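What you see is a predicted model; the values in this text were computed from it and never measured.
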Amino acid sequence: LPLPYDVWVKEYEKVLGRTLNSLNPLETQVGWAHYVLKSNPDMSKDEIKKGYRRLIQKFHPDRWKSNRPYADVAGSTVVSAWNRIEGDLK
């Protein structure tokens with residue numbers, strides 16, 4: 001399950017041993033979005049979009065009928081990450 005932004009920030013801060021307040025919030029959000037989409041800034045928009053579509057299919061609620069809340073959270077996290085990346089690429 002991809003981590004929502006606020007949880008990801010807390011985990012990342014544990015790894016760094018400091019808070020992310022000193023970083024540009026936009027850079028932090030873009031980093032989180034790449035983490036969720038399993039991409040990196042060097043990838044083309046088409047490559048990132050393929051990864052986004054793959055994850056949306058993976059977490060589609062019809063595939064998770066027995067655990068729909070899980071699929072809803074994962075799907076909304078993936079969509080939020082794509083929106084962040086797409087805004088950055090424009």
Side-chain angles (χ1 to χ4, degrees):
L1 174 68
L3 297 174
Y5 178 71
D6 56 337
V7 176
W8 178 82
V9 167
K10 289 177 185 174
E11 292 297 317
Y12 198 63
E13 287 175 342
K14 285 181 190 175
V15 170
L16 291 178
R18 63 184 176 91
T19 64
L20 296 178
N21 293 339
S22 61
L23 296 177
N24 180 343
L26 179 62
E27 291 175 9
T28 305
Q29 291 171 3
V30 171
W32 164 78
H34 281 296
Y35 155 78
V36 170
L37 298 176
K38 297 179 170 101
S39 63
N40 64 58
D42 298 330
M43 294 172 76
S44 71
K45 184 176 180 179
D46 289 337
E47 291 173 316
I48 296 170
K49 195 172 193 174
K50 283 181 188 176
Y52 160 72
R53 288 180 176 163
R54 181 179 36 81
L55 288 171
I56 282 297
Q57 288 177 353
K58 179 179 180 179
F59 294 116
H60 194 279
D62 289 346
R63 291 187 175 200
W64 292 85
K65 291 180 183 176
S66 63
N67 196 354
R68 188 172 182 109
Y70 174 86
D72 290 342
V73 169
S76 65
T77 301
V78 170
V79 169
S80 296
W82 170 250
N83 290 339
R84 175 69 260 155
I85 292 287
E86 190 176 37
D88 188 55
L89 293 175
K90 288 184 179 178

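- Residues R63 and Q57 come closest through the heavy atom pair CD-O, 3.2 Å.
- Taking NE2 of H60 as the reference point, atom CG of D72 lies at 10.0 Å (rounded to 0.5 Å).
- If you take CG on N40 and OH on Y35, they are separated by 15.5 Å, rounding to the nearest 0.5 Å.
- Rounding to the nearest 0.5 angstrom, the gap separating the NZ atom in K49 from the CZ atom in R54 is 15.5 Å.
- Note that CD1 of I56 and NZ of K58 are 12.0 Å apart. Values are rounded to the nearest 0.5 Å.
- Annotation: side chain of Y5 is not in contact with side chain of T77 (no heavy-atom distance under 4.5 Å).
- Taking CD of E47 as the reference point, atom CG of L37 lies at 13.0 Å (rounded to 0.5 Å).
- Here the side chains of I48 and H34 are in contact, with some heavy-atom distance below 4.5 Å.
- Using the six-membered ring where Trp is involved, F59 and W64 have ring planes that are parallel, under 30° apart on the 30 and 60° scheme.
- Screening V78, I85, V36 for a side chain to side chain contact (heavy atoms under 4.5 Å, CB included) involving Y52 leaves a single residue, V78.
- Residue P61 comes nearest to A71 through the heavy atom pair CA-CB, 3.9 Å, listed as atom of the first residue, atom of the second, then distance.
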